[in-house]
Participant: 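Please find one structure pasted underneath; my questions will follow.
What's counted below: heavy atoms across the whole structure, side chains too, no hydrogens, waters or symmetry copies.
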Amino acid sequence: TPRLVGQPGRQLEIITKGGNPRPAILSLGRLDFEGTRYYVGSLADISMDTKTDAEQHEEEDQAQGRSNLFRVLKVCCALLLVALLQGAAMLHASSGLQTSAMRANEVNNAARLRKHAGMMKFACREAAIGDGELWTAQEASQVMRDNMKEMSRIRFGLRYGDDELDLEGSLGRDPKQDALQLNAVEVNGELVQGLDTLMGFLERDVDRCIRKYEAGDSSVGPNYFAVATQPEWLAVEARYDTTFQDMLSESENLYAAEATDHGETLLLFNRLVS
């Protein structure tokens, strides 16, 4: 019809010579030549550019399938990430709890150092008295020997590690602890040698007290003035002074602070993962 002339092509179905239907585009044009009007039509086979409903449905199904597969993959990746994070949290928690237990054990052993040092001082005085009211000189000497052995083991274990005490060793881990133990430090306005050195001096003085009184014939009895003249006892008493006790307490506090920091870090990590 004239309305189709000059309009964009119209899609229709044609029948080939073989009787097969094919989609095509029909375009009509008008040509006026020497008073005569001509209409020109052209057909273009678009079977390669168009698809049947079945083919379109198949492509839509394939696209939907790819979309669903992508969603499934996203969910799987999310679940895998959650599983990895939970695994990392469990591993970190397991390792963190073990480390926390070791840090707490360090605090406990640092406190034991103060106890052993105090017991050695007390036993040295009892050995100097040697009247048997509490301990004989031999018994007090054995108390000193047992506590000195434990003190020596703990102080080396805290610094360098001891499997039986479940100590991993803190040397090089905390600069403040290293400085307190190994360097000359200022305590209460006084410059003193490191705590590890002072504990070694205390053990040396206690050993002298043991060798002086363990035979039982050098004790002076419950005489305050006589005890106050015993150089072995005076050396131990002077070694276990306020400065020494403050340094032991500071060491214990540093171990406790490190344990607290580790616990807070572990808690923060678990919260982030959760």
Participant: Side-chain heavy atoms under 4.5 angstrom apart, residues restricted to Ile, Leu, Val, Met, Phe, Trp, Tyr: same cluster for Leu254 and Phe156?
Facilitator: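 As far as the 4.5 Å side-chain criterion goes, Phe156 and Leu254 are not connected within one cluster.
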Participant: Atom CZ of Phe244 and atom CZ of Phe201: how far apart are they, to the nearest 0.5 Å?
Facilitator: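 If I round to the nearest 0.5 Å, the distance is 11.5 Å.
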Participant: With the side chain counted from C-beta on, respond yes when Trp233 and Val227 share a heavy-atom pair under 4.5 Å apart, and no when they do not.
Facilitator: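 The answer is yes, as the side chains (C-beta and beyond) meet within the 4.5 Å cut-off.
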Participant: Under the criterion side chain to side chain contact (heavy atoms under 4.5 Å, CB included), I'd like the reasoning laid out for Met247 against Val192: C-alpha separation, chi angles, the key distance, then a yes or no.
Facilitator: CA-CA 10 Å; Met247 293 175 73; Val192 296; 3.7 Å; yes
Participant: Can you confirm whether Arg125 sits close enough to Val236 that some side-chain heavy atom of one is under 4.5 Å from a side-chain heavy atom of the other?
Facilitator: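 They are not in contact (no side-chain heavy atoms under 4.5 Å apart), so the answer is no.
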Participant: Only one of Arg155, Arg153, Lys149 passes salt bridge (charged side-chain N to carboxylate O under 4.0 Å, His left out) with Glu203; say which it is.
Facilitator: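 Of the listed residues Arg155, Arg153, Lys149, the salt bridge (charged side-chain N to carboxylate O under 4.0 Å, His left out) partner of Glu203 is Arg155.
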Participant: Are Met199 and Met144 joined in one hydrophobic group, where the rule is that I, L, V, M, F, W and Y side chains link up if heavy atoms are under 4.5 Å apart?
Facilitator: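 Cluster IDs for Met199 and Met144 match.
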Participant: Take Glu106 and Leu167, measure what side chain to side chain contact (heavy atoms under 4.5 Å, CB included) needs, and give me the verdict at the end.
Facilitator: CA-CA 7 Å; Glu106 288 176 341; Leu167 296 171; 3.9 Å; yes
Participant: Mind checking the CG-CG spacing from Asn253 to Leu180? Nearest 0.5 Å is all I need.
Facilitator: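 Asn253 atom CG to Leu180 atom CG measures 10.0 Å (nearest 0.5 Å).
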Participant: Between Arg159 and Asp196, is there a side-chain N and carboxylate O pair less than 4.0 Å apart?
Facilitator: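 Salt bridge absent between Arg159 and Asp196.
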Participant: Identify whether the distance between the nearest side-chain nitrogen and carboxylate oxygen of Arg103 and Glu168 falls below 4.0 Å.
Facilitator: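 Answer for the salt bridge query: yes.
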Participant: How close do Ala123 and Val143 get, heavy atom to heavy atom, and via which atoms?
Facilitator: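 Minimum heavy-atom contact is CB-CG1, 3.8 Å.
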Participant: Look up atom CD in Gln230 and atom SG in Cys124, then write down how far apart they are to the nearest 0.5 Å.
Facilitator: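 Atom-to-atom, Gln230:CD and Cys124:SG are 9.5 Å apart.
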Participant: Would you mind reporting whether Tyr240 and Phe122 have side-chain heavy atoms less than 4.5 Å apart?
Facilitator: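 They are not in contact (no side-chain heavy atoms under 4.5 Å apart), so the answer is no.
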Participant: With a 3.5 Å distance limit and no angle check, can you tell me whether Ser219 reaches the backbone of Ala137 through a side-chain donor-acceptor pair?
Facilitator: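 Side chain of Ser219 to backbone of Ala137: no pair is present.
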Participant: Do the side chains of Arg145 and Glu214 get close enough for a salt bridge, i.e. N-O under 4.0 angstrom?
Facilitator: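 A salt bridge is present here (some side-chain N lies under 4.0 Å from a carboxylate O).
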Participant: Nearest heavy-atom pair of Ser251 and Leu195: which atoms, and what distance?
Facilitator: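 Result for this residue pair: CB-CD2, 3.8 Å.
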Participant: Measuring only between side-chain heavy atoms, which start at C-beta, is Tyr213 closer than 4.5 Å to Thr136?
Facilitator: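 Sidechains of Thr136 and Tyr213: no contact.
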Participant: Please tell me if the side chains of Val206 and Leu202 come closer than 4.5 Å, counting only heavy atoms from C-beta onward.
Facilitator: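 Yes - at least one pair of side-chain heavy atoms lies under 4.5 Å apart.
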Participant: Before accepting this row, confirm whether a basic side-chain N of the pair Lys212/Glu232 lies closer than 4.0 Å to the acidic partner's carboxylate O.
Facilitator: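 Yes, Lys212 and Glu232 are salt-bridged.
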Participant: Regarding Gln138 and Gln142, do their side chains bring together a donor and an acceptor under 3.5 Å, going by distance alone?
Facilitator: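 Gln142 and Gln138 do not have a side-chain donor-acceptor pair below 3.5 Å.
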Participant: To the nearest 0.5 Å, what is the distance between CG (Leu234) and CG (Asp205)?
Facilitator: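 Leu234 CG to Asp205 CG: 11.0 Å, rounded to 0.5 Å.
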Participant: For residues 111-119, run the donor-acceptor check on the side chains, cut-off 3.5 Å, and write out each pair with its distance to 0.1 Å, sequence neighbours left out.
Facilitator:
| residue | atom | partner | partner atom | Å |
| --- | --- | --- | --- | --- |
| Arg112 | NH1 | Asn109 | OD1 | 3.0 |
| Arg112 | NH2 | Glu150 | OE1 | 3.3 |
| Arg114 | NE | Glu252 | OE1 | 2.9 |
| Arg114 | NH2 | Glu252 | OE1 | 3.0 |
| His116 | ND1 | Asn147 | OD1 | 2.8 |

Participant: Look up atom OG in Ser141 and atom CD in Glu139, then write down how far apart they are to the nearest 0.5 Å.
Facilitator: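 CD of Glu139 is found 10.0 Å from OG of Ser141.
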Participant: Quick one: pull up CG in Leu158 and CG in Leu165 and give me the separation to the nearest 0.5 Å.
Facilitator: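 Atom-to-atom, Leu158:CG and Leu165:CG are 8.5 Å apart.
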Participant: Hey, does the side chain of Asp166 reach the backbone of Asn105 with a donor-acceptor pair shorter than 3.5 angstrom?
Facilitator: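 No: the side chain of Asp166 does not pair with the backbone of Asn105.
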Participant: Is any NZ, NE, NH1 or NH2 atom of the basic residue among Arg173 and Glu258 found under 4.0 Å from an Asp or Glu carboxylate oxygen of the other?
Facilitator: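 So Arg173 pairs with Glu258 through a salt bridge.
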Participant: For the residue pair Asn108 and Tyr255, establish whether any side-chain heavy-atom pair is separated by less than 4.5 Å.
Facilitator: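 Answer no - side chains too far apart.
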Participant: Do Thr197 side-chain atoms and Gln193 backbone N/O form a donor-acceptor pair below 3.5 Å?
Facilitator: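 Checked: no pair found.
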